[in-house]
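In what follows, chains carry the letters A, B, and so on, assigned in the order in which the sequence lines appear, proteins first and then strands, with residues in each chain numbered from 1. Just so it is clear, the values below take in all heavy atoms, side chains as well, and ignore hydrogens, waters and symmetry mates.
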Amino acid sequence: MTLSLFFFYLFAIVLVGAAVMVVSSRSPVHSVLFLILAFFNAAGLFMLAGAEFLALMLIIVYVGAVAVLFLFVVMMLDVDFAELRQGFLQYAPIGLVVGIILALELIMVAVGFVVTPEVASASAVAIDPTLSNTEALGRVLYTRYVFLFEGAGLVLLVAMIGAIVLTLRHKPGIRRQDVGAQVARTPAMSVENVKVKSGQGL
Amino acid sequence: MTSDLMSLDALLPVLPEIALALGALALLMAGVFLKGETHASVSGIAIGLLVAVGVLALLYPIDGVLFNGVFVADGFGRYMKTLILIGSALALVLSLSSAGENGLAKFEYSVLVVLATLGMMIMVSANDLMSLYIGLELQSLALYVVAAIKRESTRASEAGLKYFVLGALSSGMLLYGASLIYGFTGQTQIDEIAKVLSLGDRSLGLTVGLVFLLAGLAFKISAVPFHMWTPDVYEGAPTPVTAFFASAPKVAAMALLIRVVMDSFEPIALQWQQIVIFLSVASMVLAAFAAIGQKNLKRLIAYSSIGHVGFALVGLSAGSQGGVDGVAIYMAIYLTMTLALFACLLALRTEDGFAEQISDLSGLAQTKPFIAATMAILMFSLIGVPPLAGFFAKWYVFLAAVEAELFVLAVIGVLASAVSAFYYLRIVKVMYFDEPVLQFAAAPAELRVVMGAGAFLLVTYFFTVGAPLGAWAHNAAGSLF
């Protein structure tokens, strides 16, 4: 218990610290790196809570794809962040007021939130405590929701086809690597013995 | 955990969708691995696939509710799916002759059309807010890409981007509405929502959710006030793509709307009827007046399609089986008219492009009498002049409205129809009484067949297809009640 508590505080403190650094660091590249750190710590928190599937998804999807994409965009686009920050102090009071109102609303919702017993018991899929949650999700996705799951897969396929159709250009005259041709090359095709006459060179 | 995958027999009702999905994947493979110019052969296979799936759906009609209630196969779905498959297949046929000029000479175009068709079939069969959304997104995402597929054209890119941004907004509204409905009823399944609603004790939040859901769907059928994207997208997208947009997706979204309001919100009919009546009146009136000033043919067709959606909604506002009958017949006739009209437009090819302005049609009766005659028949049918099919389409929806005692709505509809006669007749006048300005190339055979068949069906509707179509639509609508 104490060990998990120790790790909870460790992850939580690093997570909050990293989140603050995302907003406050000067270089956008550092911000993205801190964002990745925050994601890892959030994944650790999920792991402690027993949601190992969610933890791994967070790392694969957010760290593996989204954050790397961010990093590329930040490095490739020359965005002048100093210019974007201008007027920060000027607008800070309004932002602060809006933020406080939102925070109050969130607190009110969180305090007043009650799950009625009927709703809790009317869950579409009963929770089986003996299964790990990856297995439980897999069982639901491939049985009860298989139609929607496969349909979502087709939507993603369309997205992929669309991205390729709209962006891929076949430029003529570009030399591509042809592995077959490389492998099929024999010494006889590429090496030539030349009899060099002495004193003349080639 | 119950699953429908335990036996293959249990999957039979969803067989057309599975066949189409596997076919789309096979087409993709064929397009990638076949050598040389693959788009024509892939289009050919895609058309064959769509026809085959339609035949499969009609020959083996198996009803059932599958996958824990998210998917339903019934007579209504089959009717609408047949229309959708015909629309998609003919849209591909129309694109064949001019694929090169329109930037459609890529095999991905047919694959995307097939996947969009699959999305539409899922929409039509959706029995749950989740499958509704999946189908809608599958369809829309493919359509966004198809709108922008002509990459070198800035207008097509603009059309695609505009469609995408506004479509994403409407999906957001639809999802927000769905979340409210789920929150206030505790159900996502369409028939279960109806059960909860019929218990009484409905909160205001539910009505708000309904409004958002209907707003999202109204965008997809381009009913006023959610129509702004339609003229721009229709004008900017390549003409064969516009033909596709104006046909199958409209039918699918209309079928989805009918199923949602009839199955799910039947207990609060008064609430949704108000919304549908407003959409209907606004669409008919705005389209009738806005189309008058148009010079571009595709923009004109866009406003015309907005108006026709308004007329179809007249039938839905009645909320009766007769009304749904009327909408089903209306969509079939609308599909025929739209596809034949686009066949005419695509046949009008000059040396440097296609006829896009109304003035380009001047004197068409002298240079291309067959196309001019077909277009004249189409225009009269779009107005609703008896004995052409367009008259019967309007007749059934107005009849349903009168039977439901929505007299004001019916009168506004007839008046809007009279106003819209002006811009349709102007095209006839330009074709028959003005001097020719442009010379057009000979029309490809498949376009002539589509035009001829469309005109034949519209003219002889009452004597040939009218009775069987009416009976089929009646059966289809009956499966919802």
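For A/Tyr62, the OH atom counts as loosely surrounded, since its 6.0 Å shell holds 12 or fewer non-hydrogen atoms of other residues, nucleotides or ligands. Within a 6.0 Å radius of CZ in B/Phe164, no more than 12 heavy atoms belonging to other residues, nucleotides or ligands are found.
Note on ring orientation: taking the six-membered ring where Trp is involved, the planes of A/Phe147 and B/Phe67 are parallel (angle under 30°, cut-offs 30° and 60°).
Nearest heavy-atom pair, A/Arg144 versus B/Asn68, reported as atom, atom and distance to 0.1 Å: NH1-ND2, 3.6 Å. Closest heavy-atom contact between B/Ile149 and A/Leu166: CA-CD2, 4.2 Å.
Of the residues considered (A/Leu148, A/Ile164, A/Thr167), A/Leu148 shows the highest number of contacts with chain B, using heavy-atom pairs under 4.5 Å. The candidate with the highest count of non-hydrogen atom pairs below 4.5 Å against chain A, out of B/Val70, B/Val14, B/Leu141, is B/Leu141.
Atoms CD1 and OH, on B/Ile134 and A/Tyr145 in that order, are 12.5 Å from each other to the nearest 0.5 Å. Here the CG atom belonging to B/Leu28 is positioned 8.0 Å from the CE atom belonging to A/Met160, to the nearest 0.5 angstrom. Note that NZ of B/Lys106 is 10.0 Å distant from CG of A/Leu168, once rounded to the nearest 0.5 Å.
For a heavy-atom cut-off of 4.5 Å, chain A lies close to B/Val111, B/Leu112, B/Leu115, B/Leu118, B/Ile122, B/Met130, B/Ser131 in residues 110-133 of chain B.
Contacts between A/Leu156 and chain B at a heavy-atom distance below 4.5 Å are absent for every atom of the residue. Only the side chain of A/Ile161 comes within less than 4.5 Å of a heavy atom in chain B; its backbone stays farther off.
Side chains of B/Tyr109 and A/Val165 form no contact here, defined as non-hydrogen atoms less than 4.5 Å apart.
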